[in-house]
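I have placed the structure first, in the form of structure tokens, so that the comments after it can refer back to it.
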Amino acid sequence: MEMKSYYLIILLVAFIICIGVFWFQFNNNVTTFIMINETEVVENGSFSGMLVDAYGYGVANQTITFHKPGYEMGTLVDVTTNNEGEFTIDNVEYLPDAGNDNYYGNFTFAGHDKYQGCTFEGNITVHPK
């Protein structure tokens, strides 16, 4: 065999290895992030967010859990992402006797199949009308 044929075989093998590594990384243990567009919202208003993977794609049909204002620490509420990875929380509640606990928080995605779980570190404060 000529020297050029050896180089071609080596390049082909390297290309196949690169494709395999990329495919593995793209389909296994992918990091996720929760992004929310508001930090404050008025009573009965709404806010939305998105669950995205490390490649910037929305993660569809996944459950996000969170706490509502005044709910006990053990009580979680769920919302499901749509086909683009977006979710919306409508008719937000304001509880006058909740004081500093008038916020939505602890947004968490537990992880699923190829996706790692994640948590949104901020809170969404609710103000009265």
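Heavy atoms only: backbone and side chains are in, while hydrogens, waters and symmetry mates are out. None of these values were measured; they are calculated from a predicted model. By convention here, the first residue in the shown sequence is residue 1.
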Open item on the list: Determine whether F120 and I64 satisfy the following criterion, side chain to side chain contact (heavy atoms under 4.5 Å, CB included), listing intermediate values before the conclusion.
Closed with: CA-CA 10 Å; F120 179 73; I64 307 290; over 6 Å; no
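- Residues Q116 and T32 approach most closely at O-OG1, 2.6 Å, considering heavy atoms.
- With rounding to the nearest 0.5 Å, the separation of CG in N29 from NZ in K114 is 11.5 Å.
- Checked by atom type and distance alone, the side chain of N102 pairs as donor or acceptor with a backbone atom of L95 at under 3.5 Å.
- Taken from CZ in F66 to OG1 in T119, the straight-line distance is 14.5 Å, to the nearest 0.5 Å.
- By the side-chain contact (heavy atoms from CB on, under 4.5 Å) test, I16 pairs with L12, sequence neighbours left out.
- Cluster annotation: I89 is not connected to F33 through the hydrophobic network of ILVMFWY side chains, with a link wherever side-chain heavy atoms come within less than 4.5 Å.
- In terms of the side-chain contact (heavy atoms from CB on, under 4.5 Å) criterion, residue partners of N61 (sequence neighbours excluded) are, by chain and number, N83.
- A donor-acceptor pair under 3.5 Å links the side-chain atoms of Y104 to the main chain of E93, judged by distance alone.
- Grouping the Ile, Leu, Val, Met, Phe, Trp and Tyr side chains by contacts below 4.5 angstrom, directly or via other members, places Y6 apart from L11.
- Using a 4.5 Å cut-off between side-chain heavy atoms of Ile, Leu, Val, Met, Phe, Trp and Tyr, L8 forms no hydrophobic cluster with any other residue.
- F109 is connected to Y55 through a chain of hydrophobic side-chain contacts under 4.5 Å among Ile, Leu, Val, Met, Phe, Trp and Tyr, so both are in one cluster.
- For T63, the side-chain contact (heavy atoms from CB on, under 4.5 Å) partners are T65, D78, T80, not counting sequence neighbours.
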Cut-off 3.5 Å, no hydrogens considered: what does the side-chain donor-acceptor table look like for residues 34-52, sequence neighbours left out?
{"from": "N37", "atom 1": "OD1", "to": "S48", "atom 2": "N", "distance (Å)": "3.3"}
{"from": "N37", "atom 1": "ND2", "to": "S48", "atom 2": "OG", "distance (Å)": "3.2"}
{"from": "E40", "atom 1": "OE1", "to": "H127", "atom 2": "NE2", "distance (Å)": "3.3"}

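- Listed by chain and number, the residues in a side-chain contact (heavy atoms from CB on, under 4.5 Å) with N123 are Y103 (sequence neighbours excluded).
- Summarising the geometry, atom CG belonging to L76 is positioned 8.0 Å from atom CG belonging to N106; distances are rounded to the nearest 0.5 Å.
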